Amino acid sequence: MLFNVSIDASSSPDDHYWAHLRWARLKSIGSLLRNVRIRVGSARQVFDESCVRDLVTWNSLINGYVHCGQGLEALKLYEEMKMEGVRPDEVTMIGLVASCAQLEDLNQGREFHCFIEDHGLDLTVPLCNALTDMYVKCGDLKAAESMFHNIKKKTTVSWTTMVVGYAKFGLLDKARELFDDIPDKDAVPWNAMIGAYVQAQCGKEALDLFHEMQGTNVRPDEVTMVNCLSACSQLGALDVGIWIHHYVKKENLSLNAALGTALVDMYAKCGNIGKSLEVFHEMPVKNSLTWTAVIGGLALHGNANDALAYFSMMIDVGLEPDEVTFLGVLAACCHGGLVDEGRKYFAQMTSEYRLTPKAKHYSCMVDLLGRAGQLQEAEAIIRSMPMEPDAVVWGALFFACRMHGNVMMGEKAAWKLLELDPDDSGIYVLLANMYGDAEMWDEARKVRKMMKNRGVEKTPGCSSIEIDGVVNEFTIRDKSHPESEVIYTCLVQLTKQLELVESDFGQEFSFNIYAFGIL
DNA sequence: CCGATTTAGC
């Protein structure tokens with residue numbers, strides 16, 4: 001079959017392929033775009049050389065661009081189309097409205113909506129769905145709702161679009177209500193609702209809904225699995241994650257880049273970095289997100305040198321790192337105490353890869369430099385920030401100051417923290433402790449008094465662990481667990497062991513223990 | 001025409 005010709009975007013097309021293409025363009029560029037996976041650039045080349053340029057051809061290329069995430073190109077093509085005097089129809093409008101959704105260009109989207117009404121174009125259900133989606137993606141929930149309500153014969157697509165819309169605006173309950181009302185649901189609305197829970201950090205609700213889905217006769221697909229794995233990563237639910245991995249194999253779901261990446265991430269976040277790497281190497285197709293996930297996973301496990309080695313491999317295979325990749329790289333440097341490398345990558349990020357550091361990158365650098373005792377440089381980094389330093393940045397500096405006994409600078413950082421978050425009891429306590437450590441009793445007393453005057457409540461430290469499906473919760477000095485005595489004996493032993501390794505790894509471990517109020 | 005993967009450390 002002619003249209004089964006499949007071209008890998010990274011390899012250059014051979015003569016055989018071009019022969020097919022020349023033949024095919026005489027038929028229809030539309031089917032070519034739909035059936036042959038080629039770079040849209042090649043389709044454009046054929047289009048430019050083509051003598052048959054009817055409305056269908058234009059529409060196909062416009063929708064081809066939209067499909068490849070090149071909304072801007074689609075809009076440019078429409079300008080050309082107008083110049084050639086070709087009049088757009090409903091199908092053209094679907095592509096153009098979808099482009100505006102992609103570009104989050106509300107004004108342009110509204111213009112097309114007006115154009116459609118002014119020219120009396122047929123408001124078909126797919127076009128209404130595209131408009132609803134455009135209003136959702138551009139942030140106009142009211143307009144999306146009114147569009148949705150005006151659709152006489154709503155389809156699954158219409159309902160799903162609106163479910164996603166409510167979820168995007170944090171109206172999870174409203175999204176769920178609408179979801180429950182959808183008749184004859186296929187996998188897509190299920191995936192949308194499960195994904196909405198994941199996006200809202202409600203991993204448990206996501207897995208509960210997946211469980212409900214299994215009670216229906218709708219077959220979960222790759223997207224379902226990606227969402228559920230994401231939920232597992234959030235919850236640290238390794239057992240469910242392993243079950244999903246088995247399910248993927250049993251059901252012969254395709255290990256595509258997104259699914260593989262979700263598995264790599266799940267294993268890393270749930271503590272099994274070995275299995276994470278195993279899946280990574282088994283994956284037939286990896287993209288830059290896959291590499292980013294594995295780099296972040298290695299960093300999370302304190303495996304700094306491997307993280308950097310994978311970063312260098314990623315560059316070697318020609319993939320582009322993004323700002324998330326660099327967060328992993330910087331986190332790795334931070335864990336490994338690799339100050340020079342950290343500086344190098346932070347600079348490289350802007351100079352070589354044209355990426356703009358975000359607040360998180362700055363806080364990572366402050367943490368890295370601060371831990372290494374380079375307090376002046378850390379402070380300079382904060383001053384160089386183009387955005388307002390957030391609580392995390394000052395928190396990193398404050399932590400570093402406590403670690404290296406710089407009361408003056410620590411004081412400054414803590415006051416900034418209190419300005420940003422005056423209700424966080426932890427900051428008052430840590431600041432008072434810092435004064436106490438420096439034997440500045442008057443200042444310590446002042447801070448405690450201030451906390452009392454402001455009526456800041458101490459939030460009790462709390463942690464939880466899931467064992468055999470039962471969530472065990474502990475608050476500070478909690479003795480209510482039936483096996484409390486054994487647990488505390490174990491904790492004391494753990495603490496002793498941590499004190500032994502503390503000299504090798506710095507003060508990080510003991511800080512954590514104190515911070516959680518176990519001692 | 002609707003649904004997917006990566007984001008510090010506390």
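Each chain gets a letter, A, B and so on, in the order the sequences are listed, and its residues count up from 1. Small disclaimer: the values here were computed from a predicted structure and weren't measured.
Counting any heavy atom pair closer than 4.0 Å across all strands shown, A:Lys137 reaches sugar-phosphate atoms only and no base atom. Counting any heavy atom pair closer than 4.0 Å across all strands shown, A:Thr132 reaches no nucleic acid atom.
Residues that satisfy the side chain to side chain donor-acceptor pair (under 3.5 Å) test with A:Asn272, not counting sequence neighbours, are absent from this structure. Residues passing the side chain to side chain contact (heavy atoms under 4.5 Å, CB included) test with A:Ser158 are A:Val125, A:Asn129, A:Phe148, A:Ile151, A:Lys154, A:Thr155, sequence neighbours excluded. Remark: A:Leu238 pairs with A:Ile242, A:Met266, A:Tyr267, A:Cys270 by the side chain to side chain contact (heavy atoms under 4.5 Å, CB included) rule, at least two apart or across chains. The salt bridge (charged side-chain N to carboxylate O under 4.0 Å, His left out) search around A:Glu377 returns A:Arg343, not counting sequence neighbours.
Looking at the side chain of A:Asp367, the nearest of the listed nucleotides B:dG9, B:dA4, B:dC1 is B:dG9. Among B:dC2, B:dT5, B:dG9, the nucleotide with an atom closest to any side-chain atom of A:Arg371 is B:dG9. Here B:dT6 is the nucleotide among B:dG9, B:dC1, B:dT6 with the atom lying nearest to any side-chain atom of A:Leu289. The side chain of A:Asp133 sits closest to B:dC2 out of B:dC2, B:dA4, B:dT6.
When ring centroids are compared, A:Phe326 and A:Tyr353 come within the 6.0 Å threshold.
Rounded to whole Å, the distance from CD1 on A:Ile244 to P on B:dA4 is 17 Å. Taking atom CH2 of A:Trp159 as the reference point, atom C1' of B:dC1 lies 16 Å away to the nearest angstrom. What separates CE of A:Met225 from C1' of B:dT5 is a distance of 14 Å, to the nearest Å. The distance from atom CG of A:Asn59 to atom P of B:dC1 is 11 Å, rounded to the nearest whole Å. Summarising the geometry, the separation between CD on A:Gln199 and P on B:dT6 is reported as 8 Å, rounded to the nearest angstrom. The distance between atom CZ of A:Phe280 and atom P of B:dT6, rounded to the nearest whole Å, is 15 Å. With rounding to whole Å, A:Tyr166 atom OH is found 16 Å from B:dC2 atom C1'. Between the P atom of B:dC10 and the CG atom of A:Leu368 lies a distance of 14 Å, rounded to the nearest Å.
The base of B:dA4 sits within donor-acceptor range of the side chain of A:Asn256, with an N or O pair under 3.5 Å. The base of B:dC2 is paired with the side chain of A:Thr160 by a donor and an acceptor separated by under 3.5 Å.
No side-chain donor-acceptor contact under 3.5 Å links A:Asp133 and A:Thr161.
A donor-acceptor pair under 3.5 Å links the side-chain atoms of A:His119 to the main chain of A:Phe115, judged by distance alone.
Contact check, A:His361 against B:dT7: no side-chain N or O comes under 4.0 Å of OP1 or OP2. For A:Ser363, no side-chain nitrogen or oxygen approaches OP1 or OP2 of B:dC10 to under 4.0 Å.
Scanning residues 263-274 of chain A for heavy-atom distances under 4.0 Å to DNA chain B yields A:Asp265, A:Lys269. Near-neighbour residues of DNA chain B inside residues 323-331 of chain A, defined by a heavy atom below 4.0 Å, number-ordered: A:Val324, A:Leu327, A:Ala331. Scanning residues 296-319 of chain A for heavy-atom distances under 4.0 Å to DNA chain B yields an empty list.
Using a cut-off of 4.0 Å between Lys/Arg side-chain N and Asp/Glu carboxylate O, A:Glu278 and A:Lys275 are scored as salt-bridged.
Listed by first and then second residue, the ring pair (Phe, Tyr, Trp, His ring centres under 6.0 Å) pairs involving residues 213-232 of chain A amount to none (not counting sequence neighbours). Residue pairs satisfying the salt bridge (Lys or Arg N to Asp or Glu O under 4.0 Å) criterion with at least one member in residues 311-331 of chain A, sequence neighbours excluded, are absent. The stretch residues 356-367 of chain A participates, sequence neighbours left out, in these side-chain hydrogen bond (donor to acceptor under 3.5 Å, both in side chains) pairs: A:Asp367-A:Arg371.
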Could you pull out every donor-acceptor pair under 3.5 Å between side chains of residues 196-212 of chain A and any protein atom, sequence neighbours left out?
{"residue": "A:Tyr197", "atom": "OH", "partner": "A:Arg176", "partner atom": "NH1", "Å": "3.2"}
{"residue": "A:Glu212", "atom": "OE1", "partner": "A:Arg176", "partner atom": "NH2", "Å": "3.4"}

Would you mind writing out the side-chain donor-acceptor pairs for residues 297-309 of chain A within the sub-3.5 Å range, not counting sequence neighbours?
{"residue": "A:His301", "atom": "NE2", "partner": "A:Ala268", "partner atom": "O", "Å": "2.8"}
{"residue": "A:Asn303", "atom": "ND2", "partner": "A:Asp306", "partner atom": "OD2", "Å": "3.2"}

